[in-house]
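Note that these values count all heavy atoms, side chains included, but never hydrogens, waters or copies made by symmetry.
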Amino acid sequence: MELGWGATKGAFRRKEGNDDYRRQRDVVDRVTAHPAWRRSGGRDHVFVLTDPMAMWHVRAEIAPAILLVVDFGGWYKLDSKSAGGNSSHMIQHTQVSLLKDIIVPYTHLLPTLRLSENMDRPTLLYFKGAKHRHRGGLVREKLWDLMVNEPDVVMEEGFPNATGREQSIKGMRTSEFCLHPAGDTPSSCRLFDAVASLCIPVIVSDDIELPFEGMIDYTEFSIFVSVGNAMRPKWLTDYLRNISKQQKDEFRRNLAGVQHIFEYENSHQHSKVSAPEDGAVNHIWKKIHQKLPMIQEAVTREKRKPEGASIPLRCHCT
């Protein structure tokens, strides 16, 4: 993606002279010209879009296909009314849907901690990331101000990159809970770093969509807190302190039981074990398989539609 930061911010929206637009255009022209695309209208095709803004210029054209996305944050499910008008800068609610699309996990950046390696966790709650975010992430800044002076809570500015990686490993492995507020998008790789670190995720994001729901139950290893409750002074820390050791131990055992589900075959280079056969990739294919009856029905309905018939603007999955 040529996102065009700094003086050229927003340049990625332009088409002229934009190599990223040209590449997207080439991909779509090549794929849609193929008989397989015409046979199904693209409904039985799969696009892997692991950046929230990937294929932004051609989003309407690939909308009939199954989209593998890490987040709907870039592919906003906004209807024109709630968006305050029909903005071409927003992904419309007719272009993405949990009925046809699949949320896939981010690749975690921190190495996996096994349950047998778990140590004492003296910190109650840990967060490392950028304080200032946009859109739904504005809650993060408010949470930061509420939590930064709380005892047994660590709020650190930064990212788990080369300089902050060791700090993140230590922070997540010595904390009972890891805070996961919305950022620019509802989720981030921080959630999967927490799973890898056996740090119980505390998810404060009312609009989050999660990978493999229906296959796993996130309530067995994560705490979900509404934005409204999280914004109440002392509410979150009091709530977490009242969770018993027995409950925390059970959460952590359940975390250990799902770690493999979020591992890709090209898993973290510092992991001590290779990715399991029943990891993220196979779970993604299982999710795609679940969509097949709906896809077959949509293709069949498309075939019987007479030439010149119009259809209302709605989710492409129907």
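- Here the side chains of Glu61 and Arg25 are in contact, with some heavy-atom distance below 4.5 Å.
- By the 4.0 Å N-to-carboxylate-O rule, Asp26 lies too far from Arg30 to be salt-bridged with it.
- In this structure, Val281 and Tyr264 have side chains that are in contact, with non-hydrogen atoms separated by less than 4.5 Å.
- When Val69, Leu68, Ile66 are each tested for a side-chain contact (heavy atoms from CB on, under 4.5 Å) with Val48, only one passes: Leu68.
- Closest of all the heavy-atom pairs between Ile169 and Pro111 is CD1-CD, 3.7 Å.
- For the residue pair Arg190 and Ser188, a side-chain donor N or O sits within less than 3.5 Å of a side-chain acceptor on the partner.
- Distance alone, capped at 3.5 Å, places no donor-acceptor pair between the Asn254 side chain and the Phe221 backbone.
- For the disulfide bond (SG atoms under 2.5 Å apart) condition, the pairs that include at least one residue of residues 192-231, sequence neighbours left out, are Cys178-Cys199.
- In this structure, Arg173 contributes its side chain and Met119 its backbone to no donor-acceptor pair below 3.5 Å.
- Between Glu176 and the options Arg241, Lys248, Arg121, a salt bridge (charged side-chain N to carboxylate O under 4.0 Å, His left out) holds for only Lys248.
- At distances below 3.5 Å, at least one donor-acceptor pair connects side-chain atoms of Gln247 with backbone N or O atoms of Ser244.
- Ring-plane geometry between His45 and Trp37 is classed as perpendicular, the angle between the planes exceeding 60 degrees on a 0 to 90 degree scale with a lower cut at 30.
- Closest non-hydrogen pair, Pro181 versus Phe127, comes out as CD-CE1, 3.7 Å.
- For the 3.5 Å distance criterion, the side chains of Glu156 and Tyr126 qualify, holding a donor opposite an acceptor.
- Ring geometry for Phe212 versus His283: interplanar angle of 30 to 60°, hence tilted.
- Comment: Asp238 does not engage Arg232 in a salt bridge, judged by the lack of any side-chain N to carboxylate O separation of less than 4.0 angstrom.
- Under the 3.5 Å distance criterion, the side-chain polar atoms of Ser175 are left unmatched by any main-chain donor or acceptor of Met172.
- For the pair Leu125 and Leu179, the tightest heavy-atom approach, listed with the atom from each and the gap, is CD1-N, 3.7 Å.
- For Val299, the side-chain contact (heavy atoms from CB on, under 4.5 Å) criterion is met by Ser40, Arg43, Ile295, Lys303, not counting sequence neighbours.
- Annotation for Asp120: atom CG does not count as buried by contact number, only 12 or fewer foreign heavy atoms lying within 6.0 Å.
- When each of Ile62, Val104, Ile102, Ile103 is checked for a side-chain contact (heavy atoms from CB on, under 4.5 Å) with Leu67, only Ile62 meets the rule.
- Side-chain atoms of Asp152 never come within 3.5 Å of backbone atoms of Leu124 as a donor-acceptor pair (strictly under, hydrogens ignored).
- A donor-acceptor pair is defined here as one N or O able to donate and one able to accept, closer than 3.5 Å; such a pair exists between the side chain of Tyr218 and the backbone of Pro211.
- In terms of heavy-atom proximity, Leu236 sits nearest to Met147 at CD2-CE, 4.1 Å.
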